[in-house]
Amino acid sequence: MQELRSFLLVALLSVVTSLPSFAEDGERREELREQFLSLEKQLNTLPLSKLPAIHKDIEDLGNYPLVPYLKLRLAERTLDSLSDETVEAFLARYAGTPLATRLRKRWLELLSKRKQKNAFINAYQPGLGVRYTCQYLDYQMQLSEHPDYWFEQVDTLWLSGESRPDECDPVFRRWQQAGQMTTGMVLGRIEKVIRGGNRNLLSYLQRRLPPGHHYLVDLWRKTHRSASTVLNYNLFPRKYPEQEKSILYYGLIRLAWQTPQKAIKGFLYWQPKIAFSEAQLRQINRAIAISLVIEGADNAAEWLAKANVPDAEQDVRHWHLAYMLRQSDWQQALEVIQGAPSDEQRQDAFRYWRARGLGELNASDAQQQLFKELAKERHYYGFLASARLQQAPELADHPLEVSDYSLARLSTVPAVQRAYEWFRLGRFVEARREWYYLNRRLTDEEKQAATMLASDWGWHDQAIIGFAQTGYFNDVRRRFPLAFAEKFQQQASQHQVDPAMAMAIARRESSFMVDAVSPAGARGLMQLMPGTANYISNRRVGYGTLLEPEQNLEFGIQYLKYLNDKLNHNPVLVSASYNAGWRKVMEWLPNHGEQDLDVWIENIPYRETRHYVKAVMAYRYIYQVQLGQSSHLFDTLSRMKLSADSLTLP
């Protein structure tokens, strides 16, 4: 055992004195990578007694950047044998990195198991997770002469819609015994559960209420299952009006998005009887008004007027404007814009629609001036303005300049070296974790250098994110890289799809993150759902296959071909369908007559799809320029009209 401890002390605390440069990225570096992977596997599988035998192999890796991860794994395997000083030295050496965070969590678990309360408190750091925070608070309360000092932090932990780990139970018991688990606290957590948490908690929470309040939980359940419960007036006895008001407010909002006319009926009944706050009234009016606009109801204008008050949310004004555009009421559209806060009036959309409105009302000189200003900018509305001026859109490409010295200096930072190695090994989760921790410590200038490095490596998603985070948007070619361009062009040619369209969608969907997986299960470069890939390919496609770049873009381009054929190659409908599904998009087409395409886009009901279409159209034009294509995309879009049964160009 003493031999093992001596080995561990030397192995974990040996210092790497220098780092290899990226210039060494040749055969020797490939050998080091293979040796690292082999040792990593051994550290995961060898019995504890065999670990000293691979000490020399680890040392043979010398200054290879990922050696600290072998030491970390060694520490995790042998943590019970390490002295406090050895662990603390490792944590200090790798402070501010994922290496330290990972070992600190394991160390805290061991200290908890050993009941070393003071050591746990000293080793704890915020931000490690709820279970560690609860254990920390439990020990503080046990050891403190004034445990109530910590109760405020317990309030925050309690008010969650999700179940809490077992480590929180002693904290909550002590907090409850001190009278902190009030009826208001329990009802507050019930509301969070209803609004998107773990609803299995409701029975547990109901038992912590006085019997006279149990009916409130039943009302929450019923209203969540059916928003029309708010129309069952007898179910609300107004025994506890404030608590019932929260349920009615929740139900009326839900009902407004589902069936606005029913919500109006319920609202008109309850408003004189329940003292809704001004903020609640604004939200109810907002939901009813927007839902009526989307539904195309005759009374939409009436409720928009009620909803569009000075403190209303921005989307109310968007939908008020969109409604007036749909009605071709240009004077009212201009009045909506004029009534918006000054910062909103300066936004791209309002500037464009002000120009459009002025032109429709024969103020052509003012329109031309506004279009000229917008046409200097690189975005959807700027490109549309250029088209209406009959000139080519401007890309305004000004590459970011970072000195060679700054790049070289950053390249020697150990975290950068570790991220690069993980990236080259295709271990993107580990690479992004290192990059995230690194960027938290960098200055703005250093972040720009890191962004340039990521771009040079071909780590496109982190380069794109980096430009956005540093606020530098004018390096067009790096922000819209020609990633996998040859493969895109090959597949696009085979399936008669514009490669710029495919690349624009990949850029919007994943920022070229090959291992991207959405909460809904969409995967890879083009964020394909497995069911879509199965349908398009007429076979069962494995989840792993969709994370292979070439396979993913092949299926994605086949899907674009499918949508093109179904939607008469209309790029706006195709992009909207890629996001929302073509059946839903067809429901959004005008019921009567024709509608200008830009007006139709502004009235897309789904906010995500509305922004998606605008982005993809702008990105497609940028990629057409990048690929050397002749493009008249926005000229076409500015003249196109949509109808329920035809897609026509004037």
Side-chain angles (χ1 to χ4, degrees), residues 148 151-164 172 175-260 262-289 291 303 306-307 309-313 316:
D148 55 344
F151 285 161
E152 187 175 336
Q153 292 189 44
V154 181
D155 292 352
T156 304
L157 287 168
W158 169 261
L159 286 173
S160 168
E162 299 302 327
S163 182
R164 291 317 205 178
F172 289 152
W175 178 73
Q176 181 180 12
Q177 289 164 2
Q180 299 295 313
M181 190 185 288
T182 63
T183 299
M185 276 288 184
V186 177
L187 289 170
R189 190 172 185 189
I190 287 169
E191 183 167 354
K192 286 186 175 293
V193 167
I194 287 290
R195 288 182 177 277
N198 177 7
R199 295 182 189 93
N200 292 327
L201 289 171
L202 289 176
S203 296
Y204 160 82
L205 293 169
Q206 188 174 36
R207 292 194 298 272
R208 276 144 186 82
L209 287 173
H213 286 74
H214 284 195
Y215 83 98
L216 293 168
V217 183
D218 295 331
L219 273 178
W220 273 116
R221 281 196 183 99
K222 290 176 181 177
T223 305
H224 175 73
R225 290 173 187 153
S226 172
S228 294
T229 298
V230 298
L231 302 178
N232 251 330
Y233 309 133
N234 293 333
L235 291 178
F236 294 83
R238 280 176 278 167
K239 181 179 177 182
Y240 296 104
E242 282 299 307
Q243 287 73 27
E244 290 182 29
K245 179 171 68 175
S246 296
I247 303 171
L248 286 165
Y249 171 65
Y250 169 78
L252 286 169
I253 294 287
R254 280 174 62 86
L255 189 58
W257 293 117
Q258 296 167 7
T259 317
K262 287 185 178 180
I264 292 170
K265 178 183 176 184
F267 180 48
L268 294 178
Y269 176 84
W270 285 115
Q271 187 178 10
K273 300 172 178 60
I274 297 291
F276 291 113
S277 69
E278 288 298 320
Q280 288 174 328
L281 290 172
R282 282 198 303 273
Q283 289 301 316
I284 294 170
N285 284 329
R286 166 184 171 266
I288 290 173
S291 190
W303 284 87
K306 294 179 181 180
V309 294
D311 291 332
E313 293 190 25
V316 172

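Note that this is a predicted model, so its numbers are computed, not measured.
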Enquirer: Are Thr223 and Ile194 packed together at the side-chain level, in the sense that at least one heavy-atom pair is separated by less than 4.5 angstrom?
Expert: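 No. Closest side-chain heavy atoms not under 4.5 Å.
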Enquirer: Is there a side-chain contact between Gln280 and Leu252, using heavy atoms and a 4.5 Å cut-off?
Expert: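 No, side chains not in contact.
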Enquirer: Mind checking whether Trp175 and Trp158 have parallel, tilted or perpendicular rings, split at 30° and 60°?
Expert: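 Tilted: the ring planes of Trp175 and Trp158 meet at 30° to 60°.
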Enquirer: Do any pairs count as a salt bridge (Lys or Arg N to Asp or Glu O under 4.0 Å) and have a residue in residues 272-283, sequence neighbours left out, and if so which ones?
Expert: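 Matches after skipping sequence neighbours: none remain.
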Enquirer: I'd like to know if the side chain of Arg189 and the backbone of Leu159 have a donor-acceptor N/O pair within less than 3.5 Å.
Expert: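 No; zero donor-acceptor contacts below 3.5 Å.
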Enquirer: Glu313: what forms a salt bridge (charged side-chain N to carboxylate O under 4.0 Å, His left out) with it, not counting sequence neighbours?
Expert: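 Per chain and number, Glu313 pairs via salt bridge (charged side-chain N to carboxylate O under 4.0 Å, His left out) with Arg286.
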Enquirer: Could you walk me through whether Arg221 and Ser203 pass side chain to side chain contact (heavy atoms under 4.5 Å, CB included), step by step?
Expert: CA-CA 11 Å; Arg221 281 196 183 99; Ser203 296; 3.3 Å; yes
Enquirer: Would you check if Ile274 and Glu244 make a side-chain contact, meaning some heavy-atom pair closer than 4.5 Å?
Expert: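 Ile274 does not reach Glu244 side chain to side chain.
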Enquirer: With under 30° as parallel and over 60° as perpendicular, where do the rings of Tyr249 and Phe276 fit, or are they tilted in between?
Expert: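 Tyr249 vs Phe276 ring planes: tilted.
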Enquirer: Residues two or more places apart in sequence or in another chain: which of them pass salt bridge (charged side-chain N to carboxylate O under 4.0 Å, His left out) with Asp155?
Expert: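 Salt bridge (charged side-chain N to carboxylate O under 4.0 Å, His left out) list for Asp155, sorted by chain: empty.
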Enquirer: List the steps, then state whether side chain to side chain contact (heavy atoms under 4.5 Å, CB included) holds for Val193 with Asn198.
Expert: CA-CA 6 Å; Val193 167; Asn198 177 7; 5.7 Å; no
Enquirer: Are the side chains of Gln180 and Val154 in touch, meaning some heavy atoms are under 4.5 Å apart?
Expert: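 Result no, sub-4.5 Å side-chain heavy-atom pair not found.
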Enquirer: Got a sec, which residues hit ring-ring contact (aromatic ring centres under 6.0 Å, His included) with Phe267, two or more places apart in sequence or on another chain?
Expert: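 By the ring-ring contact (aromatic ring centres under 6.0 Å, His included) rule, Phe267 matches no residue at all.
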Enquirer: Does the side chain to side chain contact (heavy atoms under 4.5 Å, CB included) test come out yes or no for Leu248 and Tyr269, once each step is laid out?
Expert: CA-CA 11 Å; Leu248 286 165; Tyr269 176 84; over 6 Å; no
Enquirer: Answer yes or no: is there a side-chain heavy-atom contact under 4.5 Å between Val217 and Leu205?
Expert: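 Contact flag for Val217/Leu205 side chains = no.
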Enquirer: Using salt bridge (charged side-chain N to carboxylate O under 4.0 Å, His left out) as the criterion, list what pairs up with Arg254, not counting sequence neighbours.
Expert: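 Testing Arg254 for salt bridge (charged side-chain N to carboxylate O under 4.0 Å, His left out), a comparison that skips the adjacent residues, returns none.
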Enquirer: Can you name the residues that form a salt bridge (charged side-chain N to carboxylate O under 4.0 Å, His left out) with Lys192, not counting sequence neighbours?
Expert: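 Once residues adjacent in sequence are excluded, Lys192 has no partner under the salt bridge (charged side-chain N to carboxylate O under 4.0 Å, His left out) criterion.
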Enquirer: Quick check: are there more than 12 heavy atoms from other residues, nucleotides or ligands sitting under 6.0 Å from NZ of Lys222?
Expert: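 Atom NZ in Lys222 is not packed in, count stays at 12 or less.
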Enquirer: Side chain to side chain contact (heavy atoms under 4.5 Å, CB included) between Gln271 and Leu281: does it pass, once the steps are laid out?
Expert: CA-CA 9 Å; Gln271 187 178 10; Leu281 290 172; 3.9 Å; yes
Enquirer: Any side-chain heavy-atom pair from Ile190 and Leu209 closer than 4.5 angstrom?
Expert: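 Sidechains of Leu209 and Ile190: in contact.
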